[in-house]
Amino acid sequence: MRYDLVIFDNDGVLVDSEPISNTLLAGYLTELGHPTSYEDSLRDYMGSAMHRVHDLVEERTGQRLPADFDDVFHARVFAAFRAGLEPVPGVEDVLKQLVAAGVPYCVASSGSHERIRVGHRKTGLDAWFRDGNVFSSEDVGRGKPAPDLFLHAAARMGVEPGRCVVVEDSRLGVRAALAAGMDVYGFTAMTHEEKLAGAEGFFRRMDELPVILGM
């Protein structure tokens with residue numbers, strides 16, 4: 001194993017949530033008078049913290065989103081998660097191999113702690129992620145593409161950034177990992193390689209990851 005810590009993004013990497021959340025985000029923004037397609041949402045917001053949604057809408061339109069925007073959106077997302085969220089195929093086998101090899105791992109997500117927990121409880125991944133290895137953009141001042149979240153996760157896990165590898169599926173996440181001085185591999189099940197420029201390599205199925213990591 002070439003690394004001392006594996007840092008997983010959550011949405012789209014551990015749980016198959018991106019289609020659900022981006023469909024709902026596009027619909028809610030459109031409902032509020034900011035026409036947004038599913039493809040627009042993936043392009044502009046996939047992998048980002050909620051403040052980016054507020055910032056981009058205000059930058060583009062001069063209008064602020066409603067004060068209860070996050071609460072309403074999350075209520076819709078959590079209901080959809082509880083109804084039908086699934087883990088990314090093969091991810092539990094990867095986690096089993098990491099545990100068997102004694103390799104530490106964690107999750108560092110742009111989503112809130114509540115969003116992470118709701119998704120993990122529904123998919124059974126809460127058995128693999130406890131408070132000590134779950135990190136959210138809520139824990140730091142700036143979300144991805146700033147490096148803060150990944151640096152925070154590495155520090156809490158007691159590993160130097162240069163000994164960490166990040167598994168990401170978003171452009172913003174790859175940028176954040178590179179800014180943190182970490183290697184990053186792009187998961188391309190939903191995102192084309194060209195949008196993950198700068199990654200060390202790419203893989204489309206989770207069963208490819210252990211080989212890439214040298215396990």
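Scope of the values below: all heavy atoms of this structure, side chains included, with no hydrogens, waters or symmetry mates. Here the structure is a predicted model, which means the values were calculated and not measured.
Around atom CZ of R156, no more than 12 heavy atoms belonging to other residues, nucleotides or ligands sit under 6.0 Å away. Crowding of E160 atom CD: a count of heavy atoms from other residues, nucleotides or ligands under 6.0 Å not exceeding 12.
The pair K144-D9 meets the salt-bridge criterion, with a side-chain N (NZ, NE, NH1 or NH2) lying under 4.0 Å from an Asp/Glu carboxylate O. Under 4.0 Å is where a charged nitrogen must lie from a carboxylate oxygen, and between R52 and D55 no such pair does. A salt bridge links D148 with R142: at least one charged nitrogen is closer than 4.0 Å to a carboxylate oxygen. A salt bridge is defined here as a Lys NZ or Arg NE, NH1 or NH2 lying under 4.0 Å from an Asp or Glu carboxylate O, and D44 with R60 meets this definition.
Not one N or O on the side chain of S136 forms a donor-acceptor pair closer than 3.5 Å with the backbone of D139. With E168 contributing its side chain and A177 its backbone, the two residues share no donor-acceptor pair below 3.5 Å. Within the 3.5 Å criterion, the main-chain N or O of E18 finds a donor-acceptor partner in the side chain of N22. One N or O on the side chain of R2 and one on the backbone of I212 form a donor-acceptor pair closer than 3.5 Å. The closest donor-acceptor contact from the side chain of T36 to the backbone of A26 lies at 3.5 Å or more, if one exists at all. At least one donor-acceptor pair under 3.5 Å links the side chain of N133 to the backbone N or O of R130.
Taken from NE2 in H34 to CD in Q63, the straight-line distance is 5.0 Å, to the nearest 0.5 Å. Remark: D11 CG to L85 CG distance equals 8.5 Å, nearest 0.5 Å. Rounded to the nearest 0.5 angstrom, I116 CD1 and L125 CG are separated by 11.5 Å. For the atom pair CG (D126) and NE2 (H120), the distance works out to 8.5 Å, reported to the nearest 0.5 Å. Distance check: M206 CE to L95 CG gives 8.5 Å after rounding to the nearest 0.5 Å. Between the OG atom in S110 and the NE2 atom in H51 there is a gap of 7.5 Å [rounded to 0.5 Å].
Ring centers of F129 and Y105: under 6.0 Å apart, within the cut-off.
Hydrophobic clustering of Ile, Leu, Val, Met, Phe, Trp and Tyr side chains at less than 4.5 Å, counting indirect connections, keeps L149 apart from V13. Under the 4.5 Å side-chain heavy-atom criterion for grouping Ile, Leu, Val, Met, Phe, Trp and Tyr, M157 is not connected to Y3 through any hydrophobic cluster. Note on V107 and F81: same hydrophobic cluster, where clusters join Ile, Leu, Val, Met, Phe, Trp and Tyr whose side-chain heavy atoms are under 4.5 Å apart, directly or indirectly. V167 and F202 end up in different hydrophobic clusters when Ile, Leu, Val, Met, Phe, Trp and Tyr side chains are linked at under 4.5 Å. Note on Y185: it clusters hydrophobically with V94, by side-chain heavy-atom contacts below 4.5 Å among ILVMFWY residues.
Residues Y28 and T30 form no side-chain contact, since every pair of their non-hydrogen atoms from C-beta on lies 4.5 Å or further apart. For the pair E86 and V15, the minimum side-chain heavy-atom distance is 4.5 Å or more. With a 4.5 Å cut-off on side-chain heavy atoms, P104 and V159 do not count as touching. Between V88 and L14 there is no side-chain heavy-atom pair separated by less than 4.5 Å. Taking 4.5 Å as the limit, some side-chain heavy atom of L98 sits within range of a side-chain heavy atom of V6. Residues C106 and V134 are not in side-chain contact: their nearest non-hydrogen atoms beyond the backbone lie 4.5 Å or more apart. In this structure the side chain of S109 never reaches within 4.5 angstrom of the side chain of F135, judged on heavy atoms. Annotation: side chain of L65 is in contact with side chain of L29 (closest heavy-atom distance under 4.5 Å).
Among all heavy-atom pairs drawn from A101 and M215, the shortest one is CB-CE, 4.2 Å. Scanning all heavy atoms of the two residues, the minimum distance from A153 to A108 falls at CB-CB, 4.3 Å. For the residue pair A180 and P161, the shortest heavy atom distance occurs at O-CB, 3.4 Å. Between M190 and P19, the shortest heavy-atom contact is SD-CD, 3.8 Å. When every heavy atom of A146 is checked against every heavy atom of A176, the shortest pair comes out as O-CB, 3.4 Å. In this structure, S112 and E138 approach most closely via the heavy-atom pair CB-OE2, 3.4 Å.
Defined by atom type and a distance below 3.5 Å, a donor-acceptor pair is missing between the side-chain atoms of T191 and R171.
Just one of F69, Y45, F73 meets the ring pair (Phe, Tyr, Trp, His ring centres under 6.0 Å) condition when paired with H54; it is F69.
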CA sep, side-chain torsions, deciding dist, call: S21, R115, side chain to side chain donor-acceptor pair (under 3.5 Å): CA-CA 11 Å; S21 59; R115 178 186 173 116; 3.3 Å; yes
Any chance you could lay out the side-chain contact (heavy atoms from CB on, under 4.5 Å) test for I7 and V165, step after step, and finish with the verdict? CA-CA 6 Å; I7 303 177; V165 61; over 6 Å; no
Could you walk me through whether R117 and D131 satisfy the side-chain contact (heavy atoms from CB on, under 4.5 Å) test, starting with their C-alpha distance in whole Å, then the side-chain angles of each, then the deciding distance to 0.1 Å, before giving a yes or no? CA-CA 10 Å; R117 287 303 185 201; D131 290 342; 3.0 Å; yes
List the steps and the verdict of ring pair (Phe, Tyr, Trp, His ring centres under 6.0 Å) for F187 and F203. CA-CA 5 Å; F187 182 46; F203 66 105; 5.1 Å; yes
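Aromatic ring orientation, F78 versus H74: parallel (interplanar angle below 30°, classes split at 30° and 60°).
By the side-chain contact (heavy atoms from CB on, under 4.5 Å) test, L178 pairs with V174, V184, sequence neighbours left out.
Among pairs with a residue in residues 72-84, those fulfilling salt bridge (charged side-chain N to carboxylate O under 4.0 Å, His left out) read E31-R76, at least two apart in sequence or across chains.
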